[in-house]
K.L.:
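I am attaching a structure below and will ask some questions about it afterwards.
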Amino acid sequence: MLYSRRTVLALGSGTLAAATLSSPASATLDHEAILQFTGGASIVQGGIELVVPPHVDDGHAVPLQVSALGASAIAIFALDNPNQEVVRFRFGPIAANSAAATKIRLANSQDVIAIARLEDGTFRSTVAPVSVTVGGCNV
């Protein structure tokens with residue numbers, strides 16, 4: 001059976017999209033830096049909001065906002081950085097909300113991972129890919 005070029009490209013694009021969507025983010029969540037924060041507990045996807053631009057020209061100052069309802073702590077990870085846990089926020093019992101905003105450095109294009117420890121001891125996560133033109137972790 002012969003396929004047109006358009007059909008081959010459509011099939012190839014669909015296969016690539018399926019492979020990208022089916023690759024679990026949990027594969028990166030068993031990294032040593034993350035295991036230190038979670039103590040090896042299971043992590044549920046969702047329940048945390050991470051706002052970071054999808055593309056930045058300069059990795060020296062990447063704006064970031066994160067929030068999770070009922071979080072006692074939120075950690076941000078960039079596993080390609082020299083220091084993989086970029087920042088950790090702790091929220092006390094009288095905190096008005098569990099939200100924070102800051103700027104982080106990214107060594108290169110990579111996924112930014114946010115993990116929240118909720119007050120009940122469970123963990124929630126989300127991942128945001130960021131494309132970086134010029135890395136910000138020059139040594």
K.L.:
Tell me whether L79 shares a hydrophobic cluster with V52, the cluster being built from Ile, Leu, Val, Met, Phe, Trp, Tyr side chains joined at under 4.5 Å.
P.N.:
no
K.L.:
What about L64 and I74, same hydrophobic cluster or not, with Ile/Leu/Val/Met/Phe/Trp/Tyr joined at side-chain heavy-atom distances under 4.5 Å?
P.N.:
yes
K.L.:
For residues 70-79, which residue pairs qualify under side chain to side chain donor-acceptor pair (under 3.5 Å), counting only residues two or more places apart or in two chains?
P.N.:
none
K.L.:
Side-chain heavy atoms under 4.5 angstrom apart, residues restricted to Ile, Leu, Val, Met, Phe, Trp, Tyr: same cluster for I115 and V112?
P.N.:
no
K.L.:
What pairs meet the salt bridge (charged side-chain N to carboxylate O under 4.0 Å, His left out) rule with one or both residues in residues 47-60, with sequence neighbours excluded?
P.N.:
none
K.L.:
Output side-chain donor-acceptor pairs under 3.5 Å for residues 32-39, partner residues at least two apart or in another chain, one line each.
P.N.:
residue, atom, partner, partner atom, Å
T38, OG1, I34, O, 3.2
T38, OG1, G40, N, 3.3

K.L.:
Please tabulate, for the side chains in residues 123-137, all donor-acceptor contacts under 3.5 angstrom to protein atoms that are two or more places apart in sequence or on a different chain.
P.N.:
residue, atom, partner, partner atom, Å
S125, OG, Q45, OE1, 3.0
S131, OG, H55, ND1, 3.3
T133, OG1, H55, NE2, 3.3

K.L.:
Calculate, to the nearest 0.5 Å, the distance between atoms CG and CG belonging to L50 and D111 respectively.
P.N.:
10.5 Å
K.L.:
Which pairs, with at least one residue in residues 65-87 and sequence neighbours excluded, count as a ring pair (Phe, Tyr, Trp, His ring centres under 6.0 Å)?
P.N.:
none
K.L.:
Treat each ILVMFWY residue as a node, draw an edge where side-chain heavy atoms are under 4.5 Å apart, and state whether I76 and F91 are in one component.
P.N.:
yes
K.L.:
Indicate yes or no: at least one non-hydrogen side-chain atom of I48 is less than 4.5 angstrom from one of V66.
P.N.:
yes
K.L.:
For A99, enumerate each residue passing the side-chain contact (heavy atoms from CB on, under 4.5 Å) test, keeping only those at least two apart in sequence or located in another chain.
P.N.:
S67, N97
K.L.:
Checking one residue: V51. Which other hydrophobic residues are in its cluster under the side-chain 4.5 Å linking rule?
P.N.:
none
K.L.:
So, using side-chain hydrogen bond (donor to acceptor under 3.5 Å, both in side chains) as the criterion, who are the partners of T122 when residues are at least two apart?
P.N.:
D120
K.L.:
Would you kindly confirm whether V56 and V86 end up in one hydrophobic cluster when ILVMFWY residues are joined by side chain heavy atoms under 4.5 Å apart?
P.N.:
yes
K.L.:
What residues form a side-chain contact (heavy atoms from CB on, under 4.5 Å) with D80, not counting sequence neighbours?
P.N.:
N108, Q110
K.L.:
R88: which residues meet the salt bridge (Lys or Arg N to Asp or Glu O under 4.0 Å) condition with it, sequence neighbours left out?
P.N.:
E85
K.L.:
Give me the atom names and distance for the closest heavy-atom approach of A71 to S98.
P.N.:
O-OG, 2.9 Å
